[in-house]
Undergrad: 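Have a look at this one before I ask anything.
Note: hydrogens, waters and symmetry copies are ignored here, and every other heavy atom, side chains too, is used. Residues take their numbers from the sequence shown, with the count starting at 1.
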Amino acid sequence: MGLPRIAILLLSILLAISGEAHAELPKNYQIILQTDNFPPFNMGPSHKNFARGDEVQGIATDTVREIFKRAGIGYSLTLRSPWDRIYTQTLTDSGHGLFSVARTTQNEGQFKWVGPLARYESVLLAAADKRIDLSTLTQAKELQIGAQKSSGVSQYLESQGLRPTDSLSEEENLRKLLSGRLDLWATADPVWRYHAKEQGAEGLTQVLSFRAEDLYLALHKDTPDEAVERLQGALNEVIGEGYAGCSKTPDLCYLIRDRKVP
């Protein structure tokens with residue numbers, strides 16, 4: 001009889017320790033999540049630039065909702081613009097998180113990270129009436145290139161010695177491209193296709209595909225490690241299950257096909 005009692009006592013202690021480790025977060029702890037209109041990864045109804053809660057959709061949004069549910073962490077969710085503002089807010093305001101963010105050499109140490117959520121291709125686009133042939137980014141250095149401010153695409157171009165003209169939105173970059181104020185639009189594929197369809201822009205030419213980027217959830221540096229570990233553990237489970245997170249949009253499964261547990 002003595003041994004079973006000891007075993008039960010030890011098991012109780014282990015469960016208590018485990019419970020305490022999992023309960024390190026403050027009561028009612030939650031993260032203020034933000035994102036922008038970046039279809040098909042995250043988007044509002046009719047591609048509006050403001051949405052809250054369940055109105056926010058997209059393949060990355062589906063994954064983020066699932067990992068917060070599995071991790072048992074509360075959150076609020078808002079989609080708003082411009083990207084540069086919510087990016088800066090996540091850098092400066094404790095308790096904030098932002099997705100879908102490209103993890104770059106410039107911002108690696110500025111956030112705590114959970115990912116990868118999905119992947120996109122960085123591309124250079126030209127208007128239908130422009131004939132531009134490129135095989136490397138270096139050949140584009142003398143051209144006028146537009147990118148979204150604080151985006152992974154813009155940061156990468158800068159790291160390669162290019163100086164993109166940053167705008168606050170992809171819609172603005174597209175308008176500049178169509179009006180001839182830009183030679184090239186540096187953006188994400190397939191995101192640009194949604195903006196082009198919305199604005200009725202036809203015949204855009206992909207001049208160069210230059211980098212594959214993983215998208216992450218970026219958390220303010222003060223985010224408790226316990227929260228980061230729970231969220232990453234939940235995402236690891238989702239990744240291990242294959243295409244979980246895109247069951248509603250099977251045609252977009254290729255955007256999460258190559259994500260792997262870090």
Undergrad: Salt bridge between Asp183 and Lys130, side-chain N to carboxylate O under 4.0 Å?
TA: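 Yes, Asp183 and Lys130 are salt-bridged.
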Undergrad: Between the side chain of Lys221 and the main-chain N/O of Gly109, is any donor-acceptor distance below 3.5 Å?
TA: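 Answer holds: yes.
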Undergrad: Is a side-chain donor or acceptor of Gln57 paired with a backbone partner of Met43 at a separation under 3.5 angstrom?
TA: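 Not confirmed, Gln57 side chain does not pair with Met43 backbone.
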Undergrad: Would you say the side chains of Thr187 and Asn173 form a donor-acceptor pair under 3.5 Å?
TA: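 Side-chain D/A pair, Thr187 to Asn173: absent.
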Undergrad: Taking the six-membered ring for Trp, are Phe210 and Tyr156 parallel (under 30°), tilted (30 to 60°) or perpendicular (over 60°)?
TA: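 The rings of Phe210 and Tyr156 lie parallel, inter-plane angle below 30°.
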Undergrad: Taking 4.0 angstrom as the limit, do Glu213 and Arg119 come out as a salt bridge?
TA: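 Result for this pair is no, no salt bridge flagged.
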Undergrad: With side chains defined as the heavy atoms from C-beta onward, is the minimum distance between Asp214 and Tyr120 less than 4.5 Å?
TA: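 No, too far: nothing below the 4.5 Å cut-off.
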Undergrad: Only one of Lys149, Lys176, Gln148 passes side chain to side chain donor-acceptor pair (under 3.5 Å) with Ser167; say which it is.
TA: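 For Ser167, the side chain to side chain donor-acceptor pair (under 3.5 Å) test succeeds with only one of Lys149, Lys176, Gln148, which is Lys176.
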Undergrad: Look at the aromatic rings of Trp113 and Phe111 and report parallel, tilted or perpendicular, splitting at 30° and 60°.
TA: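 Because their plane-to-plane angle is over 60°, the rings of Trp113 and Phe111 count as perpendicular.
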Undergrad: With a 4.0 Å cut-off on N to O distance, would you call Lys112 and Asp222 a salt bridge?
TA: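 Here Lys112 does not pair with Asp222 in a salt bridge, since their nearest N and O are not under 4.0 Å apart.
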Undergrad: Verify whether one side chain among Gln155 and Thr104 offers a donor that lies under 3.5 Å from an acceptor in the other.
TA: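 Indeed, the side chains of Gln155 and Thr104 share at least one donor-acceptor pair under 3.5 Å.
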Undergrad: Out of the candidates Leu33, Ile32, Ile31, only one should pair with Leu77 under the side-chain contact (heavy atoms from CB on, under 4.5 Å) rule; please name it.
TA: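 It is Leu33; the other options fail the test.
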Undergrad: So, are Glu171 and Arg175 salt-bridged, with charged N and O less than 4.0 Å apart?
TA: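 Looking at Arg175 together with Glu171, the answer is no, because their closest N to O distance does not fall below 4.0 Å.
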Undergrad: Looking at Phe50, I'd like to know if the NZ or CZ of Arg80 sits under 6.0 Å from its six-membered ring centre while staying within 45 degrees of the ring's axis.
TA: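 No, Arg80 and Phe50 do not form such a contact.
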Undergrad: Between Arg85 and Ser81 (side chain of the first, backbone of the second, donor and acceptor by atom type, cut-off under 3.5 Å), is there such a pair?
TA: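 Judged by distance alone, yes, a pair lies under 3.5 Å.
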Undergrad: Do the charged groups of Arg211 and Glu121 touch, with an N to O distance under 4.0 Å?
TA: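 No.
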Undergrad: Give a yes or no answer on whether the side chain of Thr223 reaches the backbone of His220 with a donor-acceptor pair at less than 3.5 Å.
TA: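 The answer is yes, because a donor-acceptor pair under 3.5 Å joins these two groups.
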Undergrad: Answer with yes or no whether the side chains of Asn107 and Tyr87 bring together a donor and an acceptor at under 3.5 Å.
TA: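 Present: a donor and an acceptor within the cut-off.
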